[in-house]
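Remember, it's a predicted structure, so these values are computed and weren't measured experimentally.
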Amino acid sequence: MTSTRGDFPVFEAEGYDYYLEPWVEEQTLTSPPSKELRLLSVLAANHKISENEQTIEEGALEEYEQEVDFIWNQQRLHMEQLADQLEQSRFISPFTMTYLHAGPFLERMFQSGKSGFQNWARHVKEKETYRFVFCHGKPSIAHGLIAADGNAWWTNWEASGPNHPAYDLAYFYQDIARNQPFHALDYQAIVYV
């Protein structure tokens, strides 16, 4: 797979697949960025060097829109059913309280994501092409490493392949939210980088 510069960040040699990572030098800061932000910057650099475009047929795009809409509606229904079930409990655990309290926030995130997807689909229809990059596939904190000198890189590329860069961002953010204490302000620093 070639990058926008014409080089080959992914290649095969002697029966093995090799993935070249962009080198991100540590910048002098008064407070160094978190591990998450360092890994995210390397992921973004990887996306940038592998960016490509491809044409898409209108029928295929409409089918994809319907599929995404169906999946989102199913997930939203599941979230609402879970909230209804939790509200009927006699005992409300801290997790239950957090989930119910976050309902409006999750709804805003859902609507924002849906609006962003609709804008993307409109843009693709106008250009008749879509942008894709070489995605990691499962960018989690466990798959990211920070060296002693501050440089960051990703491991475990077995799920990698061409996809939209938002896929990696969503997976990474989901992993952070699942495995670390959630603070509403932290997501903004990660999402808007």
Side-chain angles (χ1 to χ4, degrees), residues 1-27 29 31-54 56 64 67-68 70-72 74-75 78-79 95 98-99 102 106 109-110 112-113 116-117 120 124 130-193:
M1 183 174 188
T2 60
S3 71
T4 54
R5 297 186 311 222
D7 55 3
F8 296 87
V10 180
F11 64 93
E12 182 183 347
E14 299 177 10
Y16 293 98
D17 292 328
Y18 294 92
Y19 307 93
L20 300 179
E21 287 269 341
W23 189 260
V24 178
E25 294 291 335
E26 182 178 19
Q27 297 178 3
L29 301 171
S31 68
S34 66
K35 177 180 181 179
E36 295 83 7
L37 291 177
R38 288 179 189 202
L39 290 171
L40 191 59
S41 68
V42 170
L43 194 62
N46 202 22
H47 287 169
K48 188 66 179 168
I49 66 167
S50 66
E51 186 175 14
N52 218 330
E53 283 195 6
Q54 184 172 341
I56 188 168
Y64 182 62
E67 179 183 336
V68 168
F70 176 77
I71 291 169
W72 279 4
Q74 291 296 317
Q75 290 176 346
H78 180 69
M79 284 176 34
F95 167 78
T98 302
Y99 182 80
L106 294 172
M109 285 185 67
F110 176 83
S112 178
F117 177 76
W120 173 82
V124 168
Y130 68 96
R131 179 176 71 116
F132 66 94
V133 299
F134 191 78
C135 285
H136 182 278
K138 293 186 175 181
S140 64
I141 294 294
H143 293 158
L145 302 172
I146 305 291
D149 62 2
N151 287 302
W153 67 89
W154 290 96
T155 62
N156 299 1
W157 288 83
E158 67 275 358
S160 61
N163 207 334
H164 193 278
Y167 178 85
D168 270 354
L169 179 62
Y171 193 98
F172 185 62
Y173 179 65
Q174 180 183 19
D175 179 70
I176 292 171
R178 183 180 294 149
N179 295 309
Q180 296 182 8
F182 181 80
H183 301 287
L185 294 178
D186 291 346
Y187 97 92
Q188 291 179 351
I190 293 168
V191 170
Y192 297 117
V193 163

Report yes or no: does Ser160 contribute a side-chain atom to a donor-acceptor pair with the main-chain N or O of Trp157 at less than 3.5 Å?
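Confirmed, Ser160 side chain pairs with Trp157 backbone.
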Using a 3.5 Å distance criterion without hydrogens, assess whether the side chain of Trp154 forms a donor-acceptor pair with backbone atoms of Leu39.
yes
Spatial distance of atom [atom1] ([X]) from atom [atom2] ([Y]) [nearest 0.5 Å]:
| X | Y | atom1 | atom2 | value |
| --- | --- | --- | --- | --- |
| Tyr130 | His164 | OH | NE2 | 10.5 Å |
| Arg38 | Leu145 | CZ | CG | 13.0 Å |
| Tyr171 | Cys135 | OH | SG | 12.5 Å |
| Trp72 | Gln75 | CH2 | CD | 9.0 Å |
| Leu43 | Leu169 | CG | CG | 8.0 Å |
| Ile141 | Phe172 | CD1 | CZ | 4.0 Å |

Would you say [X] and [Y] make side-chain contact, with heavy atoms under 4.5 Å?
| X | Y | answer |
| --- | --- | --- |
| His47 | Phe132 | no |
| Asn52 | Val133 | no |
| Lys48 | Pro165 | no |

Would you say His136 and Asp168 are linked by a side-chain donor-acceptor pair, where the criterion is simply a distance under 3.5 Å?
no
